[in-house]
Amino acid sequence: MLRISARLNRIQPSPSSMAGQRARELRAAGRDIVGLTSGEPDFDTPDNVVEAAIRAMREGKTKYTDVGGTPELREAVTEKFRRDNGLQYASTEVIVGTGAKQVIFNAFMCTLEAGDEVIVPTPYWVSYPDIAVLADGVPVFVPCPPDKGFKLQPSDLERAITPRTRWLVLNAPNNPSGAAYSRAEMKALTDVLVRHPHVWVMADDIYEHVLYDGREFVTPAQVEPALKERTLTINGVSKAYAMTGWRIGYGAGPTALIKPMVKLQSQSTSNPSSIAQAAALEALRGPQDYIRERTAIFQQRRDIVVQKLNAIPGISCHVPEGAFYVFPSCAALMGKRTAEGWAVNNSNEFVLYLLDTEGLALLQGEAYGVPEYFRISFATSMEMIDEGCRRLARACARLQE
Ligand code: PLP
């Protein structure tokens, strides 16, 4: 019999990927499904980017590249950090991977020993804890209070740091809560980190450009330059340029960290796709104006979805500052009974109930470390959002004491 390693048995499949797959299966089986689980923009990859990829193929850019990315793309990444974030990196301080996810994976695999702690503010993107566990690390969850906009509080961060802490993962705008930090809020966090020089910072800035109401984007190494020598700043083209399928992400940090990450990548995937790298180069260096236009569309959808959700008795939804998700509470509905007579006791059961009775696919808060909440993606058409909210309202109205 095939024996699966203990390492693998310690982790779960990504709940968001599984939910997407389940919705696709049900649809294929003929069910009328409204899926609001998608973690990707519904826009197309811009034409100039697609054309750059076609050109690259025609020009024979179809061979292996440097493991950590082509010199041109790494240079373009340094330009992006200078332009958008005021951060100066050399191209030797940059790694390009197969999505931001691989960059995160590389960093944990290269730095964690058994028992090393990774502080994961909660709610969190589903993959951080599992990747840390794969690398023998121990996720330390720090709740971010809903009444403080789901933002990590400096005193809670201070309390969570131990001599075993290796990393703080800071993802803002946050998936799933949409929490983003002002410069002053970020400074309050970096002030804590300055006092703990053994802690490294993993800044996951993948939603940098999906930020609303004219807010300023800030990243830890920019707000506190003293942290730059122990910060890995991660970003990518997936969300900003609607390029999730192309699989290009990147990270910048001290060479002492980047070099081992390249070494690990050389023994796993080698370089990310040469064609996707050419496309990412065009995304970073080409026109940037559509980013703002698309974010304005996301903001309109956000306003409508928040309003619709707050009109549903039993649901309460805060206004996300960035990313394309809302993370409402269904706490008021817990313990209520369905028409069939069973009680809905947590958000796992709530989303199952919605899928069963209304064909509505959402993600349970448990997957993000916060029961009694659920995630809705509004990276989809207004028609789908309208229909999803209608179905949600109907299902909630049917629940009884
Ligand atoms: N980080 C966060 C917070 C995300 O939500 C996602 C994707 O959903 C990623 C990283 C992964 O991005 P990529 O597609 O570049 O691997």
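For ligands, and for the atoms within them, numbers begin at 1 and follow the listed sequence.
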Going by the rule salt bridge (Lys or Arg N to Asp or Glu O under 4.0 Å), which residues pair with Asp213 if we only count those two or more places apart in sequence or in a different chain?
Arg215, Arg302

Suppose we screen for salt bridge (Lys or Arg N to Asp or Glu O under 4.0 Å). Which residues come up paired with Lys80, at least two apart in sequence or across chains?
Asp84, Glu208

Does CZ in Arg83 sit with more than 12 non-hydrogen atoms of other residues, nucleotides or ligands closer than 6.0 Å?
yes

Classify the side-chain pair Thr219/Asp205 by whether it contains a donor and acceptor separated by less than 3.5 Å.
yes

Indicate whether the side chain of Asn106 and that of Gln265 have a donor and an acceptor atom separated by less than 3.5 Å.
yes

Pairs meeting criterion side-chain hydrogen bond (donor to acceptor under 3.5 Å, both in side chains) with involvement of residues 273-283, two or more places apart
Asn48-Glu282, Thr65-Gln277

Name each N or O atom in ligand 1 that is under 3.5 Å from a protein N or O, and give the partner atom and the distance.
{"residue": "ligand 1", "atom": "1 (N)", "partner": "Asp204", "partner atom": "OD2", "Å": "2.6"}
{"residue": "ligand 1", "atom": "5 (O)", "partner": "Asn175", "partner atom": "ND2", "Å": "2.8"}
{"residue": "ligand 1", "atom": "5 (O)", "partner": "Tyr207", "partner atom": "OH", "Å": "2.8"}
{"residue": "ligand 1", "atom": "8 (O)", "partner": "Lys239", "partner atom": "NZ", "Å": "2.6"}
{"residue": "ligand 1", "atom": "14 (O)", "partner": "Ser238", "partner atom": "OG", "Å": "2.8"}
{"residue": "ligand 1", "atom": "14 (O)", "partner": "Arg247", "partner atom": "NH1", "Å": "2.7"}
{"residue": "ligand 1", "atom": "15 (O)", "partner": "Ala100", "partner atom": "N", "Å": "2.7"}
{"residue": "ligand 1", "atom": "15 (O)", "partner": "Ser238", "partner atom": "OG", "Å": "3.1"}
{"residue": "ligand 1", "atom": "16 (O)", "partner": "Ala100", "partner atom": "N", "Å": "3.1"}
{"residue": "ligand 1", "atom": "16 (O)", "partner": "Lys101", "partner atom": "N", "Å": "3.0"}
{"residue": "ligand 1", "atom": "16 (O)", "partner": "Arg247", "partner atom": "NH2", "Å": "2.8"}

